[in-house]
Amino acid sequence: MASSASERGYLPDGARSVKIVVLGAFGVGKTTFVGTVSEMRPLRTEERLTRAGELVDDVAVDTKSTTTVAMDFGRRTLAGGIAVYLFGAPGQPRFAAMIRSLLTGALGGLVLVDTRHIDRSYASIDLLEEAGVPYVVAVNTFAESPGYSEAVLRDALTLPDDRPLVFVDARTMQSAKHALVALVTDILRPAGSHTP
């Protein structure tokens with residue numbers, strides 16, 4: 001007798017799937033976020049940073065020795081049988097064409113922001129808006145990052161009132177899951193129900 005998918009540890013019968021792309025600048029915490037929130041061991045495509053890469057990328061993050069060269073991949077099943085497939089995009093601008101392809105079929109995007117380099121988030125937001133993909137901005141809190149109010153951040157990011165903004169620590173499950181739930185809630189909200 002064949003066992004059901006749920007007995008084998010896969011998705012429950014009747015689960016609905018959602019594709020989410022996690023974007024942001026180099027070193028903002030995308031790989032950490034996907035690894036933290038994923039219920040399965042995430043797929044990572046990291047390679048060591050090289051001197052050759054420094055010639056084409058702004059990779060001035062002292063604590064990083066690797067970079068995502070294709071994507072990170074993970075999955076989280078939420079209440080109601082919603083399986084969220086997470087695709088973590090590379091952060092260097094030269095990957096913009098690949099990120100556009102990655103956005104195909106995505107129901108939403110999560111933009112991670114580091115307040116030390118807010119301007120590096122513009123390209124990710126632009127890609128999502130260009131693709132017409134709803135998104136949530138998640139400010140990843142680093143110990144050494146300056147703190148700003150939501151109003152100041154919205155102004156700096158030119159973030160419309162209908163786009164959710166949350167604060168997250170990408171290293172902790174509850175915090176990372178909170179950002180993911182905010183995005184899925186926004187995606188599932190009926191059209192026209194946003195309140196300014």
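Keep in mind it's a predicted model, so treat the numbers as computed, not measured. In what follows, residues are counted from 1 in the order of the sequence shown.
Of the possible donor and acceptor atoms, one in the side chain of K19 sits under 3.5 Å from a partner among the backbone N and O of T104. Under the 3.5 Å distance criterion, the side-chain polar atoms of R171 are left unmatched by any main-chain donor or acceptor of T32. Although no hydrogens or angles enter the test, the distance criterion places no donor-acceptor pair under 3.5 Å between the side chain of S17 and the main chain of A83. R75 contributes no side-chain N or O that, together with a main-chain N or O of S38, makes up a donor-acceptor pair within less than 3.5 Å. Listed for the K30 side chain is no donor-acceptor partner under 3.5 Å among the backbone atoms of L112. Under a 3.5 Å cut-off, the side chain of D169 and the backbone N or O of S175 do not form any donor-acceptor pair. Of the possible polar contacts, none joining the E150 side chain to the L165 backbone as a donor-acceptor pair under 3.5 Å is found. Of the possible polar contacts, one joining the S121 side chain to the I118 backbone as a donor-acceptor pair under 3.5 Å is found. T115 places no side-chain N or O within 3.5 Å of a backbone atom of G147 that could act as its donor or acceptor partner.
The shortest non-hydrogen separation linking R116 to S145 is NE-OG, 3.5 Å.
When side chains are defined from C-beta on, F33 does not count as touching N140, because their heavy atoms never get closer than 4.5 Å. Within the 4.5 Å cutoff, side-chain heavy atoms of E129 are placed close to those of Y135. In this structure, the side chains of L188 and I82 come closer than 4.5 Å at one or more pairs of heavy atoms. Proximity of V111 to L157: side-chain heavy atoms (C-beta onward) are nowhere separated by under 4.5 Å.
In this structure, L107 CG and D186 CG are separated by 11.5 Å, a value rounded to the nearest 0.5 Å. Interatomic distance, I20 CD1 to R76 CZ, rounded to the nearest 0.5 Å: 14.0 Å. Between the CG atom of D126 and the CG atom of L23 there is a distance of 11.5 Å, given to the nearest 0.5 Å. Atom OH of Y122 and atom CG of L127 lie 15.0 Å apart (nearest 0.5 Å). Put simply, CD1 on I99 and CD on E130 are 11.0 Å apart, with the number rounded to the nearest 0.5 Å. Atom CG of residue L102 and atom CZ of residue F73 lie 10.5 Å apart, to the nearest 0.5 angstrom.
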